[in-house]
*Asks:* 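First the structure, which I've put down as structure tokens, then a few questions once you've had a look.
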Amino acid sequence: MLVAAGRRGLAPLSKNLLYVEVERRIEDLLVRKRYRVGDRIPPEAELVESLGVSRATVRAGLSRLVERGLLERRQGSGTFLARPPEGVRLRNGLERLESYTVHAERLGLELGSRGLKIERVAASAEEASALEVPEGTPLARVERVLLVDGELAAWMVDVVPEEIMAAGEALEGFDPNAMLLDLLVSRGVPITHSKLLIDAELISPDDPVGRALELGSVSAALSLIETMYLENGRPAQWSRNIFLPGHLDLHVVRELYEVRRIS
């Protein structure tokens, strides 16, 4: 069973380069608590208590984050998030179905598109199987490269049966700074859950995906294949997303359900 992510406590800090460890822990806190650009972070006294270190060590860790441009100190007001931590990009738990648009907004990141193509196509064998429709069924297909803060981050393709959304409707209503899921939900399509397959693959610069992502050499990538379902259990959307390293961090939190007891 998947549950909301969270921690009940922090592990003891290493005694080596304590201020560097404090810097890392504060950076992790900014992501886990979903701080957005402009949000005020906890005061020093609260960080001292939660991290179990001296005020001087907390100040040193904060100073390093200020020097890196992640935090901004405002006299008399406190310390605020200036920009998201590098390398974190989109950080996503799998316990809730939310679009990447929502995650990006929480982290103060700007999404965009390059090479956007929206067209009417006939369902391939793979698409037909995922969407539970006959091969050749008319689909609306959205293909693009996702930009995160102007950087190439992922190659994305989404398909939906024409009976759910026609290509013309998708072309008219699609926001290049958002996801197809956002458009479907805003149009009243009752999507309730999804199934997600996660895998790793190597992308060559000579592959169509590699060319779209402007790769200069073979790169490892994260493959996310997802099927969205309606409240009646029928598939409504099938997606294949290829993320380059450093743009998406997935995690799963599991409840303890049953174990074998050893006598």
*Asks:* At what distance, to the nearest 0.5 angstrom, does CG of L70 lie from CZ of R64?
*Replies:*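 CZ of R64 is found 12.0 Å from CG of L70.
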*Asks:* Drop me the distance from S194's OG to Q237's CD, to the nearest 0.5 angstrom.
*Replies:*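 S194 atom OG to Q237 atom CD measures 9.5 Å (nearest 0.5 Å).
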*Asks:* Between R120 and E162, does a side-chain contact (heavy atoms from CB on, under 4.5 Å) hold up when you go through it step by step?
*Replies:* CA-CA 8 Å; R120 184 177 186 262; E162 194 172 50; 2.6 Å; yes
*Asks:* State, to 0.1 Å, how close I242 and A221 come at their nearest heavy-atom pair, and which atoms those are.
*Replies:*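 So the minimum-distance heavy-atom pair works out to CG2-CB, 3.6 Å.
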*Asks:* Given the rule in the side-chain hydrogen bond (donor to acceptor under 3.5 Å, both in side chains) test, do T137 and E135 qualify, once you have shown the distances and angles that lead to the verdict?
*Replies:* CA-CA 6 Å; T137 296; E135 190 171 345; over 6 Å; no
*Asks:* Going by the side chain to side chain contact (heavy atoms under 4.5 Å, CB included) test, name the single residue among L62, L51, L65 that passes it with V22.
*Replies:*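 For V22, the side chain to side chain contact (heavy atoms under 4.5 Å, CB included) check succeeds only for L51.
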*Asks:* Under the 3.5 angstrom rule, does the side chain of S129 hit a backbone N or O of E126 as a donor-acceptor pair?
*Replies:*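 Not confirmed, S129 side chain does not pair with E126 backbone.
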*Asks:* Run the salt bridge (charged side-chain N to carboxylate O under 4.0 Å, His left out) check on R114 and E214 step by step: do they pass?
*Replies:* CA-CA 12 Å; R114 178 183 293 183; E214 300 180 4; 2.8 Å; yes
*Asks:* Heavy-atom count around R234 CZ within 6.0 Å, excluding the residue itself: above 12?
*Replies:*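 Open: at most 12 neighbouring heavy atoms sit under 6.0 Å from CZ of R234.
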*Asks:* Hey, any chance Y229 and V160 share a hydrophobic cluster, counting ILVMFWY side chains that come within less than 4.5 Å of each other, even indirectly?
*Replies:*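 Per the 4.5 Å side-chain linkage, Y229 and V160 are not co-clustered.
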*Asks:* Backbone N or O of D206 within a donor-acceptor pair of the R211 side chain at under 3.5 Å?
*Replies:*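 It does hold such a pair.
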*Asks:* Is any side-chain heavy atom of M156 closer than 4.5 Å to one of E143?
*Replies:*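 The answer is no; the side chains never approach within 4.5 Å.
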*Asks:* Determine yes or no for a side-chain-to-main-chain donor-acceptor pair under 3.5 angstrom, with E127 supplying the side chain and S124 the backbone.
*Replies:*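 Checked: pair present.
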*Asks:* Look at the side-chain heavy atoms of Ile, Leu, Val, Met, Phe, Trp and Tyr, link any pair under 4.5 Å apart, and say whether I198 and W238 land in one connected group.
*Replies:*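 No: no chain of side-chain contacts under 4.5 Å links I198 to W238.
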*Asks:* For the CG atom of L181 and the CE atom of M228, what is their distance to the nearest 0.5 Å?
*Replies:*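 With rounding to 0.5 Å, CG (L181) is 4.5 Å from CE (M228).
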*Asks:* Begin with the C-alpha distance, continue with both residues' side-chain angles, and end with the deciding distance and a verdict on salt bridge (charged side-chain N to carboxylate O under 4.0 Å, His left out) for E23 and R25.
*Replies:* CA-CA 6 Å; E23 175 190 9; R25 289 297 180 87; over 6 Å; no
*Asks:* Could you check whether R74 makes a cation-pi contact with F80, meaning its NZ or CZ is under 6.0 Å from the centre of the six-membered ring and within 45° of the ring axis?
*Replies:*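 Yes, R74 lies over the aromatic ring of F80.
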*Asks:* Please determine whether residues V189 and V185 belong to a single hydrophobic cluster, defined as Ile, Leu, Val, Met, Phe, Trp and Tyr linked transitively by side-chain heavy-atom distances below 4.5 Å.
*Replies:*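 Same hydrophobic cluster.
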*Asks:* Quick one: does any side-chain atom of D207 pair with a main-chain N or O of V209 as donor and acceptor, under 3.5 Å?
*Replies:*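 No; judged by distance alone, with no hydrogens or angles, the pair does not exist.
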*Asks:* For residues A166 and A140, report the shortest heavy-atom separation together with the two atoms involved.
*Replies:*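 In terms of heavy atoms, the two residues are closest at C-CB, 3.9 Å.
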*Asks:* Taking only Lys NZ, Arg NE, NH1 and NH2, and the carboxylate oxygens of Asp or Glu, determine whether E44 and R59 approach each other closer than 4.0 Å.
*Replies:*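 Yes, this pair counts.
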*Asks:* Has T57 got a side-chain atom pairing as donor or acceptor with V53's backbone, closer than 3.5 angstrom?
*Replies:*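 Here the side-chain-to-backbone pair does not exist.
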*Asks:* So, does S113 use its side chain to make a donor-acceptor pair with the main chain of P176 at under 3.5 Å?
*Replies:*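 Yes: the side chain of S113 pairs with the backbone of P176.
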*Asks:* With a 4.5 Å cut-off on side-chain heavy atoms, are L147 and L152 touching?
*Replies:*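 Touching, per the 4.5 Å side-chain cut-off.
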*Asks:* Quick one: pull up CD1 in I118 and CE in M165 and give me the separation to the nearest 0.5 Å.
*Replies:*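 Output value for this atom pair is 10.0 Å.
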*Asks:* Between D182 and D175, is a side-chain contact (heavy atoms from CB on, under 4.5 Å) present by the stated rule, with each step listed?
*Replies:* CA-CA 9 Å; D182 298 307; D175 181 352; over 6 Å; no
*Asks:* Which atom pair, heavy atoms only, marks the closest approach of V148 to A153?
*Replies:*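 It is CG2-CB, 3.5 Å.
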*Asks:* If we only count heavy atoms from C-beta on, is the L230 to T192 side-chain gap below 4.5 Å?
*Replies:*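 SC-SC contact between L230 and T192 ruled out.
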*Asks:* What verdict does the side-chain contact (heavy atoms from CB on, under 4.5 Å) test give for L47 and I26, after you've listed the backbone C-alpha separation in whole Å, the side-chain angles of each residue and the deciding distance to 0.1 Å?
*Replies:* CA-CA 8 Å; L47 292 172; I26 296 174; 4.1 Å; yes
*Asks:* Rounded to the nearest 0.5 Å, what separation is found between the CG atom of L202 and the OG atom of S223?
*Replies:*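 The CG atom of L202 sits 12.0 Å away from the OG atom of S223.
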*Asks:* With a 4.0 Å cut-off, would you call R240 and E226 a salt bridge?
*Replies:*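 Looking at R240 and E226, the cut-off is not met.
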*Asks:* Please report the shortest heavy-atom distance between L81 and I41, naming the atom on each side.
*Replies:*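 Here L81 and I41 meet closest at N-CG2, 4.3 Å.
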*Asks:* Do you know the tightest heavy-atom contact between A212 and W155?
*Replies:*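 Closest approach of A212 to W155: CB-CD1, 4.1 Å.
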*Asks:* Does one hydrophobic cluster hold both L146 and L196, with members joined at side-chain heavy-atom distances below 4.5 Å?
*Replies:*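 Yes.
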*Asks:* Ignoring hydrogens, what is the shortest heavy-atom contact between N241 and V157? Give both atom names and the distance.
*Replies:*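 Heavy atoms of N241 and V157 come nearest at OD1-N, 4.1 Å.
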*Asks:* Please identify which of these residues, L183, L139, L180, meets the side chain to side chain contact (heavy atoms under 4.5 Å, CB included) condition with D158.
*Replies:*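 For D158, the side chain to side chain contact (heavy atoms under 4.5 Å, CB included) check succeeds only for L180.
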*Asks:* Working note: M179 + F174, criterion side-chain contact (heavy atoms from CB on, under 4.5 Å); need CA distance, chi angles, decisive distance, verdict.
*Replies:* CA-CA 8 Å; M179 300 291 140; F174 185 75; 5.8 Å; no
*Asks:* Do V145 and L215 sit in one hydrophobic cluster, given that two such residues count as connected whenever their side-chain heavy atoms are within less than 4.5 Å of each other, even indirectly?
*Replies:*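 Yes; L215 is reachable from V145 via cluster members.
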*Asks:* Are R55 and E49 within salt-bridge range, i.e. N to O under 4.0 Å?
*Replies:*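 Answer for the salt bridge query: no.
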*Asks:* Can you tell me how far apart CG (L224) and CG (L197) are? Round to the nearest 0.5 Å.
*Replies:*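 So the CG of L224 and the CG of L197 are separated by 9.0 Å.
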*Asks:* Using a cut-off of 6.0 Å, state whether more than 12 heavy atoms not belonging to E110 lie near its atom CD.
*Replies:*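 Atom CD in E110 is not crowded, with 12 or fewer foreign heavy atoms closer than 6.0 Å.
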